[in-house]
Structures are given as structure tokens and as C-alpha cells.
Enquirer: 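What follows is a structure written as C-alpha cells; I'll ask about it next.
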Number of protein chains: 2
Amino acid sequence: MTESSSVQSWDIFKEHLAKQGLRVTNQRQAIFDVIFSAETHFTAEDLLDLSKQRDNSISRATIYRTLPILVDCELVREIDVGKDYKYYMPVQRQSVFKAQVVCSDCENIYEVDAPFMEWYGKTVSEKLGLKVDSQRLQVHGSCIAKKEGKVCDKQLVC
Amino acid sequence: MTESSSVQSWDIFKEHLAKQGLRVTNQRQAIFDVIFSAETHFTAEDLLDLSKQRDNSISRATIYRTLPILVDCELVREIDVGKDYKYYMPVQRQSVFKAQVVCSDCENIYEVDAPFMEWYGKTVSEKLGLKVDSQRLQVHGSCIAKKEGKVCDKQLVC
DNA sequence: GTGCTTGCAAAGACTTTGCAAACTT
DNA sequence: AAGTTTGCAAAGTCTTTGCAAGCAC
């Protein structure tokens, strides 16, 4: 994450807040900062912990109230991998459709290009009389390294 | 759903139970029957309601304990569309990878072939050192008919 | 008879919400 | 000053679990 892209994102956020009649608060600013200096995926609880380090007064409620705003303006993507909590991650500023590859051993989530999805989703939906709103493509896998008795850890690439 | 395919599914279920040292109970039988005479997707709560019509003593706990068994032996597919409850549907007895097209207006869930997924998932995963466990491809859309002021209802195909 | 199953109700896990105080504009 | 936003704690929603009674094998 370059500084300029983070600045650009902040402008998008501020503009979105203004447009919705919402306010720029210290809490929202801190939460934004945490997200855009992290670069990885995180849960609401992760975000709460990290945010509290910047401003201990930030509450769980504010985290849960702020995340939907960031998802709304497409600065953050919500990722549901079937667990009972969701992951979030800063959206890369590019328009290629992304698939998520989720490693169940080390909890890594990779985002990879899946450009064919745009065509596929559109074609299939139109046949059914639907207009595409969103798409999700997830591949769940497990570490080959781990199966061979080698290390697999959150810190390492599988 | 032809009768023969339902019978075949029942054999798979019975065999799976036996293999795991589990027992054939009236409740499991009733739940199985409900699922394989419904043909559509359903939630745990839907299943509870329908099952209670056959056997009013069936409890929510039993529903939640039985579903994972059916998912295990691949007779039922669990579908998480991002809501806080899950959908389930009887698995078609064929091996082509299926995508789900979810209509947010009428809550229909269509399953369509996505044969390319097998290749895609495998290729992408191997590059990352992963072995594919499962994949999910979902397209979320909304009714074109409804946008044009026409009817869109659960009963109708969008 | 042994030990898996069940229903019930309570517990869990994550997320949402009502309210009064605090803050942004 | 007017109207958002916040933290807190309680409430919600779906799902899981402990337990004693009941049932399959």
C-alpha cells in the first residue's frame, strides 16, 4: 500500500461521508487508518483490537457501525468464508474481478484475478432474467506443505 | 426428483449411517423424506417446520444435528449466501461443478453448470501450494422483470 | 443391555440496537 | 444550537450443547 493510494482512499471515504450527511469523527479516522496500514484481511474483532491500540475508547459497537460504511463505498470488501464471523480487507484499486483462495490450514486469504467471471456471471444471469449485482468466487484449499510434514503458519506463505 | 433417485439417496444415507456407527431413527428418516420430496432449497427453520408436519415431536436440535450428517455424505449441499442463516438443498446426482445464482428479489436459488471451475480452482491453488478442498461460485442478481414493474414472486421463476 | 439419540432449555458466538452523554458542523 | 455519533450493556439471531429419558441394534 503506497501512501498515495491510502490518501486517495481517505478522500473517497471523506467524500462518501459528506455525501451521506455523516461526520468525520476521530473514531472513524482511527479505524480507517488501522485498516489501510494493515494490508491484510481481518475480522471485526481484529479491527477492534488494533483500533484500541490507537484510541482505547473505541468500542465494538463503533467497529460494527463503521465497517458497513466502508463496505458501502467499496473501500473494504466483506468476505464470508462460511465461518460464523466475516473477514474484511481493503479493496485494491483496480477493476478486475477477484477470486478468493482461502487456506484452511493457515487462514491466509489470497485474492487472484478471475477476469472470466464478468462474462460468466452476466451470461448466466441474463438467461435467468436477472441483473448481476455481485459475484463471489471462492476456492478453499489446504497446504500441500503441511501435508508433507513441513511448516505452515500464518506468518508464512503456504 | 424421480422415485428411483430418492431411493438411491436413501441407500447412501443408510450406508453412511451404518459406516459411522450411527442409527436409523424415525426422526432421521422423516427429515430425509422431507428433504427429498421438497426439491428446493430450504433453511434449517424451513426444514423444522416441514418435518414437524410429519412428526410433531421433531425438535430444532435434531434438525441441526442431522443436517451435518447429510452434508457429510454429500446428499445435501450447504449454501451460505452471506445471510446469517444457511440454505441447504438436495444434491443433484451428477458430478459437474455447480454455481449458484441467487436472486435477491424472490430468493430463488438456481444451480447452473460451471465446468470450467474445476480447472480454474486447481490451477490457481497449485500455484499457491494448496490442494483444493471445495469451491463456491455465487452470482447475486435481481429480477429484471421486477425493475420493469412486473411481478416477481417466490412462486414464479424470475 | 449398551450406547447412540432425542427434546428441552440454557448456553454460545457474533452482531445489532436503545439510550443518554458527547461531539461534529 | 441541531442533529450525528459514541460507549455501554442489553437484546437478537442462528446454532450448539449438557443432561436425563428414550430408542436402535
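Naming: A, B, ... by sequence-line order, numbering from 1 per chain.
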Enquirer: Would you mind reading off the distance between Gln27(B) atom CD and dA24(D) atom P, rounded to a whole angstrom?
Expert: 8 Å

Enquirer: Is the distance between the ring centroids of Phe116(A) and Phe97(A) less than 6.0 Å?
Expert: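 No; Phe97(A) has its ring centre 6.0 Å or more from that of Phe116(A).
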
Enquirer: In whole angstrom, what separates Arg23(A)'s CZ from dT4(D)'s C1'?
Expert: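 Rounding to the nearest Å, CZ of Arg23(A) and C1' of dT4(D) are 4 Å apart.
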
Enquirer: Which nucleotide in the list dC8(C), dC14(C), dA9(D) gets nearest to the side chain of Ser59(B)?
Expert: dC8(C)

Enquirer: Rounded to whole Å, please give me the gap between CG in Leu47(B) and P in dT15(D).
Expert: 12 Å

Enquirer: Kindly point out which of dC14(C), dA24(D), dT15(D) is positioned nearest to the side chain of Asn26(B)?
Expert: dA24(D)

Enquirer: Can you check the Ile63(B) CD1 to dT5(C) C1' distance for me, whole Å?
Expert: 14 Å

Enquirer: Where each residue is assigned the nucleotide of DNA chain C containing its nearest heavy atom, which of Gly21(B) and Arg65(B) is assigned the position nearer the 5′ end?
Expert: Gly21(B)

Enquirer: Between the side chains of Ser142(A) and Asp133(B), does any donor sit under 3.5 Å from an acceptor?
Expert: yes

Enquirer: Carefully, step by step, assess Arg77(A) and Glu111(A) under the rule salt bridge (charged side-chain N to carboxylate O under 4.0 Å, His left out).
Expert: CA-CA 11 Å; Arg77(A) 191 190 336 280; Glu111(A) 294 215 304; 3.0 Å; yes

Enquirer: Quick one: is Arg28(B) getting a side-chain N or O under 4.0 Å of the dT6(C) phosphate, OP1 or OP2?
Expert: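 True: Arg28(B) side-chain N/O within range (under 4.0 Å) of dT6(C) OP1/OP2.
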
Enquirer: Under 4.0 Å: is that the gap between some side-chain N or O of Arg60(A) and OP1 or OP2 of dT15(C)?
Expert: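 No, no such contact exists.
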
Enquirer: For Asp46(A) and dT15(C), what is the distance between atoms CG and C1' respectively, to the nearest whole Å?
Expert: 16 Å

Enquirer: Using a cut-off of less than 4.0 Å, is there contact between a side-chain N or O of Tyr64(B) and OP1 or OP2 of dT15(D)?
Expert: yes

Enquirer: Output the distance between atom CD (Gln138(A)) and atom CG (Leu137(B)), rounded to the nearest 0.5 Å.
Expert: 10.5 Å

Enquirer: In whole Å, what is the span from the NZ atom of Lys86(A) to the C1' atom of dT15(C)?
Expert: 8 Å

Enquirer: Walk me through it: do Glu126(A) and Lys131(A) pass the test salt bridge (charged side-chain N to carboxylate O under 4.0 Å, His left out)?
Expert: CA-CA 7 Å; Glu126(A) 284 180 356; Lys131(A) 191 189 136 299; over 6 Å; no

Enquirer: Would you kindly compare Ile58(B) and Ala44(A) by the position of their nearest DNA chain C nucleotide and give the one closer to the 5′ end?
Expert: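 Its nearest nucleotide lies further toward 5', so the answer is Ile58(B).
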
Enquirer: Are Thr25(A) and dT4(D) close enough that a side-chain N or O sits under 4.0 Å from OP1 or OP2?
Expert: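 For Thr25(A), the contact criterion (side-chain N or O under 4.0 Å from OP1 or OP2 of dT4(D)) is not met.
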
Enquirer: Send over the distance from Leu17(A) CG to dT24(C) P, rounded to a whole Å.
Expert: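 These atoms are roughly 13 Å apart.
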
Enquirer: Could you tell me how far apart Lys83(B) (NZ) and dT15(D) (C1') are, to the nearest whole angstrom?
Expert: 18 Å

